[in-house]
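Residue numbering restarts at 1 for every chain, and letters A, B, ... go by the order of the sequence lines.
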There are 2 protein chains.
Amino acid sequence: MVPHLVTALTGPLLDLEKKILAATPAIERWFRMEWQEHTPPFYCSVDLRNAGYKLAPVDTNLFPGGFNNLATEMLPLAVQAAMAAIDKYCPDARNLLLVPEGHTRNPHYLQNVARLMQIFRQTGLHVRLGSLSPEITQPTPLALPDGNMLVVEPMVRSANGRRLGLVDFDPCTILLNNDLSAGIPSILENIHEQSVLPPLHAGWALRRKSNHLAAYDEVAKKFGKLIDVDPWMVNPFHTKCGAINFQEDQGSECLADNVTMLLAKIRKKYKEYGIKEKPFVIVKPDAGTYGMGIMTVRDASEVKDLTAKQRSKMSVIKDGVEINDILIQEGVPTFETMQDAVAEPVVYMIDRYVVGGFYRIHAERGVDQNLNAPGSQYVPLAFAQQHAVPDLKAKPGTAAPNRFYVYGVVARLGLLAASLEMERTDPNPEVY
Amino acid sequence: MVPHLVTALTGPLLDLEKKILAATPAIERWFRMEWQEHTPPFYCSVDLRNAGYKLAPVDTNLFPGGFNNLATEMLPLAVQAAMAAIDKYCPDARNLLLVPEGHTRNPHYLQNVARLMQIFRQTGLHVRLGSLSPEITQPTPLALPDGNMLVVEPMVRSANGRRLGLVDFDPCTILLNNDLSAGIPSILENIHEQSVLPPLHAGWALRRKSNHLAAYDEVAKKFGKLIDVDPWMVNPFHTKCGAINFQEDQGSECLADNVTMLLAKIRKKYKEYGIKEKPFVIVKPDAGTYGMGIMTVRDASEVKDLTAKQRSKMSVIKDGVEINDILIQEGVPTFETMQDAVAEPVVYMIDRYVVGGFYRIHAERGVDQNLNAPGSQYVPLAFAQQHAVPDLKAKPGTAAPNRFYVYGVVARLGLLAASLEMERTDPNPEVY
């Protein structure tokens with residue numbers, strides 16, 4: 001189940017919300033059954049877009065940053081969920097090695113790392129930070145805005161080469177908070193005696209959004225059947241173009257054709273449901289992103305005639321990686337606003353539990369644009385009603401419906417899809 | 001791990017607290033390992049007595065009432081823990097049948113039932129109430145103080161006799177909140193297709209405190225070794241007298257001898273640790289109690305010369321059950337007070353998770369008396385520091401130690417002992 005957090009929505013319940021709230025017992029049972037078959041990712045954050053008529057995940061992050069943006073009152077839930085997760089992978093754990101992003105002294109990110117350390121220390125583990133940066137050759141303090149210090153340390157393989165740790169620290173679990181955009185460093189390869197979580201193929205060196213979306217298609221289909229809604233209500237259309245080279249202007253035809261095709265499909269759905277919005281698609285790299293290389297497109301002509309600047313912007317993402325495969329995804333406008341800015345909810349999960357969320361807001365972006373961009377701000381979601389868990393059966397008027405529940409459900413659809421995706425893309429499936 | 005709740009303690013950390021806090025990672029790891037071997041009770045509340053020099057469970061309740069006395073801000077934790085518990089016993093559950101105490105319209109108890117229903121409904125289950133009272137022959141509404149209604153319904157066995165439910169309600173799990181003091185009703189017997197939780201032998205019809213204490217002796221011994229303290233610091237001495245008949249004044253010699261012996265043992269420990277208190281013991285029935293039939297004894301003469309009134313008071317407990325076996329347990333004075341009244345902490349757990357607690361206070365009772373008696377009041381424990389999970393590694397002064405952690409640890413020792421006790425007293429061990 002999902003804690004009751006405050007959402008930006010205040011109007012009457014929308015159709016999709018009503019259906020999901022009414023089907024709560026069936027939905028929770030279905031998730032329980034799915035988690036009997038599939039292992040949830042260790043942790044996960046899901047960006048959602050709520051258009052009112054539809055609600056969908058637009059990004060499922062397996063190396064979530066931003067734990068510092070959760071309300072501190074969520075911490076006990078996060079700690080309890082982390083206990084369940086640790087229990088599963090390494091009950092005899094004493095030590096956890098957390099591997100953060102390198103090359104960053106971004107104070108927001110460091111606060112995320114500090115928060116993660118706090119959560120795992122509270123489960124009763126010793127937690128230290130291992131760095132993937134070659135320039136970290138000795139324990140290096142990093143100051144946090146609150147005056148505390150983090151210390152990142154160089155990682156070493158054990159004498160027999162089979163384990164990874166710090167000089168005086170042998171972890172049971174190695175928790176990656178580094179999305180491996182720059183490739184899989186050799187120091188992380190061939191570790192068989194310890195749990196590396198998430199697995200290496202969750203990193204953007206290997207992960208492809210298209211695999212995730214294929215798994216999500218299945219999950220959405222099952223879910224649509226379960227609660228009797230068109231799966232499209234929780235699943236944007238998508239398609240893919242390979243062999244793209246923006247710099248050399250290769251593949252723009254494929255892109256334009258697919259944009260046209262997708263816009264036509266969306267237009268049809270909009271007609272079916274009487275939606276008055278103007279369709280748009282999001283063009284983004286299949287392999288990773290940091291909010292970089294993302295375009296909002298309303299007409300195929302926009303991708304045919306890219307300016308040199310646009311081509312250059314689209315052609316590399318984080319860590320200078322080149323883009324070859326391009327994903328074209330139905331755009332979901334967000335109809336939520338907070339503090340007069342366009343807002344999208346981000347839901348955080350540890351193991352199979354929803355442990356909190358926040359709104360990402362951006363004052364200078366439109367309802368059809370990516371908000372994960374410089375200038376975005378974060379509004380932690382607090383518990384509604386002084387932390388009371390609302391009671392659906394309570395006398396009318398004594399309890400408000402948990403609208404955040406709906407977000408928690410759709411976010412967990414993304415979580416489940418990530419679980420299937422990880423199973424199917426595992427390069428060493430015999431390990432299971 | 002244990003959420004950080006406000007405790008009544010404000011002085012400097014005591015020795016035992018310091019040792020437990022310092023050993024946190026070892027303790028949490030040990031619990032994780034123990035829960036690999038043993039299944040925690042579905043739910044449990046543990047009454048603690050904190051004497052400063054020692055901290056011990058004095059009652060481990062497997063049918064906890066009083067969930068309504070937990071702060072509402074604890075509910076999300078309880079729901080998440082309940083999800084984990086349900087997952088274990090009946091992942092495909094749609095329906096849960098809760099069996100409350102019969103014969104009671106006590107509004108406090110009914111609020112506990114309502115709170116439990118709320119928790120389990122929030123896990124996504126349909127929850128209804130089945131009554132063991134023969135006078136409940138049709139759905140019967142019971143008014144709650146807040147204007148809501150509970151409906152208790154008569155239970156029925158299925159046509160083939162193998163399942164228990166309501167006329168139109170087939171549960172996967174039957175959760176007892178009725179301690180079966182009056183014996184095991186036949187309608188609960190021979191149910192093999194559903195989970196009955198806690199198991200029938202957890203009820204006072206079969207359960208004996210002496211079995212629990214024997215298991216607790218083992219747990220305390222292991223724990224003492226783990227953190228290098230005398231197990232006595234968390235474990236009161238105890239012994240037992242059988243074949244007692246208070247009405248006919250049989251067995252008072254055994255009682256007097258054992259009281260003398262136990263007082264001598266306590267006196268020795270007090271001398272060893274320089275404790276200036278006057279030793280006392282608690283005399284109570286081996287089989288169940290509702291705070292009834294409990295005596296504080298400082299000298300053997302007190303049990304030799306019981307008045308007729310005392311004998312009568314001691315001879316029957318709840319539901320008119322006669323007492324034959326008597327437990328004599330070292331009394332642990334409580335050195336905690338709240339609102340100028342003597343206070344003892346009560347810790348609530350679901351599955352292996354601490355989900356909250358409160359202080360039971362009694363203005364008219366002494367530090368050496370049972371507080372679970374008419375006139376007691378309950379003070380919910382809120383999260384300390386605006387819900388922040390304290391960070392042991394934080395800069396000195398920026399975070400307070402979690403003194404409630406120590407209560408959470410000792411309560412979980414009781415939980416673990418209950419788990420061993422249930423395994424060992426299971427009349428049908430082949431079911432495991």
For Ser45(A), enumerate each residue passing the side-chain contact (heavy atoms from CB on, under 4.5 Å) test, keeping only those at least two apart in sequence or located in another chain.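 Ser45(A) satisfies side-chain contact (heavy atoms from CB on, under 4.5 Å) with Asn61(A), Pro64(A), Val346(A), Tyr348(A) only.
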Can you tell me how the ring of Phe42(A) sits relative to the ring of Tyr89(A), calling it parallel under 30°, perpendicular over 60° and tilted otherwise?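 Tilted, since the angle between the ring planes falls between 30° and 60°.
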Chain A contact via Gln80(B) - side chain, backbone, both or neither, heavy atoms under 4.5 Å: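 The answer is both parts of Gln80(B).
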Where on Ala81(A) is there a heavy atom nearer than 4.5 Å to chain B: the side chain, the backbone, both, or neither?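 Answer is both: backbone and side chain atoms of Ala81(A) are under 4.5 Å from chain B.
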Per the salt bridge (Lys or Arg N to Asp or Glu O under 4.0 Å) rule, what does the pair list look like for residues 74-91 of chain B, sequence neighbours excluded?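 Checked against salt bridge (Lys or Arg N to Asp or Glu O under 4.0 Å) - neighbours excluded - the pairs reaching residues 74-91 of chain B are Arg352(A)-Asp87(B), Lys88(B)-Asp351(B).
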Considering only heavy atoms and a distance below 4.5 Å, find which of Pro25(B), Pro91(B), Ala93(B) pairs most often with chain A.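 The option with the most such pairs is Pro91(B).
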Test: Glu28(A) and Arg412(A) ion pair at under 4.0 Å: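 Counted as a salt bridge, because a side-chain N and a carboxylate O are separated by less than 4.0 Å.
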